[in-house]
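Below you'll find the structure, written out as structure tokens, and then a few comments.
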2 protein chains.
Amino acid sequence: MMVDETLHGLVERRLREVSQRYTSGRKAVVEVLANAGHPLSIEDIGELAPRLPRSSAYRHLVDLQQCGVVRRVAANDDYYRFELAEDITEHHHHLMCTLCGKVIDVTPTPAFERAMANYLDDLSTSNGFASIDHRLDVLGACATCRQRKLAATAGCAG
Amino acid sequence: MMVDETLHGLVERRLREVSQRYTSGRKAVVEVLANAGHPLSIEDIGELAPRLPRSSAYRHLVDLQQCGVVRRVAANDDYYRFELAEDITEHHHHLMCTLCGKVIDVTPTPAFERAMANYLDDLSTSNGFASIDHRLDVLGACATCRQRKLAATAGCAG
DNA sequence: ATTGAACTGAGACTCAGTCTCAATGTAAGA
DNA sequence: TCTTACATTGAGACTGAGTCTCAGTTCAAT
């Protein structure tokens, strides 16, 4: 596992704050999420940590969400995904492929985040809404699916 | 119901394209969504159209999604919401109150949408991702909940 | 070593959402 | 108008992702 030790230290501290322990099961969940680098479904987690029972995995995810280590992501299909919280990784957006369901992380450009900050200010003044966080999901076709589609079309033509 | 007739005409056309009828049950769902002006949960729909059985409501929502009239929205709680598709209403973002769960629609400023368009172009060139649609959800506290919280704090202090 | 509290796995359970089926509505041709 | 073929409907059974329970285990602190 190529996860630097500060991650585990941070997670342990957050769990300790609510009198919880950083056990091997929870560590397994955190490592799997950290190594993936993109949101994982419960199915993904089950495959990457096969010794971890489903019920424990769910419970760990709940605990880790409650102490701010994990965030749940609603993808475009019927399954939630899970990722490390943004203050542990970094702020990012999601590209969601409507063909294969995959979720890809992207870091926004500074220019766009500046525009976003301005916009959130506008919202606060016009709607009295105090924004804490935002999430931007871009729906479309990933590079792999686009190529696959092109290949299929070429095959039909030939 | 203050829904202009073009909406119903449009929905009927879309259903007809897939050999389906615009029946009273489907019309009830569309009217409820149109009048609400913000995404509704199945519970909301049940309250606003009490004569409509749950199983029929779900089925209508599926049918209407398939012909592009309705869109499913993942809120911040455990329940999906439903709204009319953006090409029927207009492009908008969601303010999601993390305290009461309410979802509020907002129309983006032109400046922000310009920034968004540029950003999506960037993504397409840097990731090979062909974006079709995007959704921006802003999480925070709505005006009502903020006031309630202020009042509660004042009450404690006094 | 003892004790109290957190943790765990297995599997029962919940309930939002889907499916089935028998009955009904409806457009269109004879 | 009658018939026919097919879309629609309500009721309720069913599915399965996610939760809860419980009995046994591990841990940290004394």
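For the numbers below, each heavy atom of this structure counts, side chains included, while hydrogens, waters and symmetry mates do not. Labels below follow one simple rule: chain letters A, B, ... track the order of the sequence lines, proteins then strands, and each chain is numbered from 1.
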- Task: Measure the shortest side-chain to side-chain distance between V30(B) and Y22(B) over non-hydrogen atoms and say whether it is less than 4.5 angstrom.
- Result: yes

- Message: How many whole angstroms separate atom CD of Q66(A) from atom P of dA6(C)?
- Response: 13 Å

- Item | Short N-O contact, R54(A) and E43(A), less than 4.0 angstrom | yes

- May I ask you to check whether D121(A) and S124(A) show a side-chain donor-acceptor distance below 3.5 Å? no

- Query: E12(B) has an atom CD; how far is it from atom C1' of dT8(D), in whole Å?
  - Reply: 15 Å

- Item | pair R26(B)-E12(B): side-chain heavy atoms closer than 4.5 Å | no

Please list each protein N or O that sits under 3.5 Å from an N or O in nucleotides 18-29 of chain D, with the distance.
residue: dG18(D); atom: OP2; partner: Y58(A); partner atom: OH; Å: 2.6
residue: dG18(D); atom: O5'; partner: Y58(A); partner atom: OH; Å: 3.4

- Query: For the pair made of CG in L15(B) and P in dA7(D), what is the distance, rounded to whole Å?
  - Reply: 13 Å

- Task: Using whole Å, report how far CG of L64(B) lies from P of dT9(D).
- Result: 10 Å

- Rounded off to whole Å, could you give me the CD-to-C1' distance for the Q20(A) and dC7(C) pair? 9 Å

- Item | ILVMFWY cluster, V32(B) and V11(B) together (side-chain gap under 4.5 Å) | yes

- Message: Quick check for you: among dT8(C), dT9(D), dG9(C), whose closest atom lies nearest to any side-chain atom of H60(A)?
- Response: dT8(C)

- Task: Could you pick out which residue, S19(B) or S56(B), lies toward the 5' side of DNA chain D when each is mapped onto its nearest nucleotide?
- Result: S19(B)

- Rounded interatomic separation in angstrom, taking CG from D77(A) and P from dG17(C): 15 Å

- Item | R146(A) side chain to G128(B) backbone, donor-acceptor under 3.5 Å | yes

- Task: Provide, to the nearest angstrom, the distance between the NZ atom belonging to K27(A) and the P atom belonging to dT8(C).
- Result: 13 Å

- Message: Nearest whole Å is fine: how far is dG9(C) P from D63(A) CG?
- Response: 13 Å

